[in-house]
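The chains referred to below are lettered A, B, ... by the order of the sequence lines, with proteins before strands, and numbering in each begins at 1. Just so we're clear, the structure is a prediction, and the values are computed from it rather than from any experiment.
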Amino acid sequence: MFAYIVRRILATIPVMAIVALFVFSLLYIAPGDPAAVIAGDQATPADVERIRASLGLDRPFVVRFGEWVFRIIQGDLGLSIFTNLPVTRMIAQRIEPTLSLMVVTLVLAITIAVPMGVVAAWKSGSLIDRMVMGFAVLGFSVPVFVVGYLLAYVFALELDWLPVQGYTPISNGLWPWFQNLILPAVALGGVYIALIARITRATMMEILQQDYIRTARAKGAGQTTILFLHALKNAAVPIVTIIGIGLAGLIGGAVVTESVFAIPGLGRLTVDAILRRDYPVIQGVILLFSFVYVLVNLLIDLSYTLFDPRIRY
Amino acid sequence: MSTTFPSGGAPAAAPVMPDVMPTRIARKGITGYIFRNPTIAIGGFLLLLLIFVAVFAPFLWTKDPTALAPAMRTRAPSERWWFGTDMLGRDVYSRVLYGTRVSLIVGFGVAFFASVIGLTIGLISGFVRWADSIIMRVMDGLMSIPSILLAIALMALTRGSVGNVILAITVAEIPRVSRLVRGVVLSLREQPYVEAAIASGTRTPVIIWRHILPNTLAPMIVQATYICASAMIAEAILSFIGAGTPPIIPSWGNIMAEGRALWQVKPYIVFFPAIFLSITVLAVNLVGDGLRDSLDPRLAKRV
């Protein structure tokens, strides 16, 4: 088991190396010469050359890549071209709203999607099942900003139940914080709910055919006990896996959701950075998101033994 | 003698059909196909309609989608402006109809290029052992960057144009296709008929062309429709956040991005392109689901 954990952790190193190489190449081939920008309009070519040498920009790709990776490992993501602030500090300032949005969406999506999938599998072929599957197709088809604007229009503008836009830090109280996150989380969760519900339904349908379900029913276990205790526990591995894989879509969706609901998070930071061509910030955000994604999927891989003791490494 | 089949001697008497039988005979031709695959029919019909709109946009009572009319800013939908006008006085109806072109071109373009490139990479990976581990590590790396972020990063490098949008989304989609094709190839290689072909000395290109490729087509086509749908959403997202199609070209994402500032007072500027985008993606997804169920019944049960 321990050996497997070590092996699995080591296996993420080449993956992160590919990500780092890609992200570094991004800055390397990015249009615009930082040395020329720093030198200003009055500089002679010799001045630019001198600044380039002093910044170390004249050295070969591999050397610069190695240095860059070394600095990242020490927690230095460089300076923003636009604000001249350290990228790590800019990310730290924006991380709370994004983290809040993702966590609320995740909790919401799982608590809605899993029971939906379970009931659809239980009553497979019924009206409820068809409604769940229909909802899943819709969830995949209606993009996150469309749902976002629709929800904001109905529940914030027309009914005036919830705030239209913005974000309240969690330090201002739990309810104001949550109130602002309900609509964005529902909008962002749509695709995720569809994904999880579909996998839950498919896995549960297979498991409900198994002999031990019949045995459980024969010994007189209640329907709820069978569905949620006997069946769902055995369906956990595929469901947890899809939750991890779906996280990539959730991250992408968060960028858009933050734009729709004017949430000052990492997504907004990314969008602003693109419009200003602030490459160090773009690099930093992509690295962070990819790292989180790889890490979560690593943890999910390792958690399989918790759900299914038959899996041994 | 009494148990032999009527292969010789007296011809077997035709069974007497009860009167109710004819109604159960499957319909043939196009109507039969539509009855058996309602999702493909509905999705396909919507898609054909949208292709028609894209091709004949100039003749569908549209005005010049880029013509400014500052005096007619933000007019509500009416008989004169069916979908209203935006903050520069441009006709939203015309812009939305012309926007169909960008969405369809990007969707079909990405589906085509991602399929062809992904198929090639997947085949190489499935057949060339030493390349497999390298290719798959690179794909793992690319897949661990959320695809929208990957496309955003690529768009940040280049100028906004429809071609670059297609390129950026294609790169983001390739890893998934390659993985799918590689998986199919690896399982096909274990099939007895492929082993027989290898044993009888068939050259690898012939094996790929004759035995492997035809069997990857069905899952590929299904995957291509889903790529098409997700590419349309990706294009809209990129344009919406200002990293996609340039503002001069009307695309649904652009129209929504421009309507964003005003959406609380003039929601229709955002809603009309949003409805078109949703219906288009729904149509493509319906075709995909229908194809999946009719091309591979085993897949239908799984998800």
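Just one residue in the list A:Ile18, A:Val294, A:Ile286 forms a side-chain contact (heavy atoms from CB on, under 4.5 Å) with B:Ile145, and that residue is A:Ile286.
For a residue to count as touching a neighbouring chain, one of its non-hydrogen atoms must lie under 4.5 Å from one of that chain's; by this rule B:Ala229 does not touch chain A. Contact of A:Leu21 with chain B is not made at all, since no heavy-atom distance falls under 4.5 Å. Neither the backbone nor the side chain of B:Met139 comes within contact range of chain A; no heavy atoms are under 4.5 Å apart. The contact between A:Thr270 and chain B is made entirely by side chain atoms (from C-beta outward), counting heavy-atom distances below 4.5 Å. Contacts of A:Phe22 with chain B are made by side-chain atoms alone, with heavy-atom separations under 4.5 Å and no backbone atom involved. Interface remark: A:Tyr149 contributes backbone and side-chain atoms alike to the contact with chain B (heavy atom separation under 4.5 Å). Proximity to chain B involves both the backbone and the side chain of A:Ala152, based on heavy atoms less than 4.5 angstrom apart.
At least one donor-acceptor pair closer than 3.5 Å links the side chain of A:Tyr279 to the backbone N or O of B:Ala156.
In this structure, A:Tyr153 and B:Phe271 have perpendicular ring planes: the angle between them is above 60°, well past the 30° mark.
How far OG of B:Ser144 is from CZ of A:Phe289: 14.0 Å, rounded to the nearest 0.5 Å. In this structure, OG on A:Ser141 lies 11.0 Å from CD1 on B:Ile279, to the nearest 0.5 angstrom. One finds the CG atom of B:Asp289 at 8.0 Å from the CE atom of A:Met133 (value rounded to the nearest 0.5 Å).
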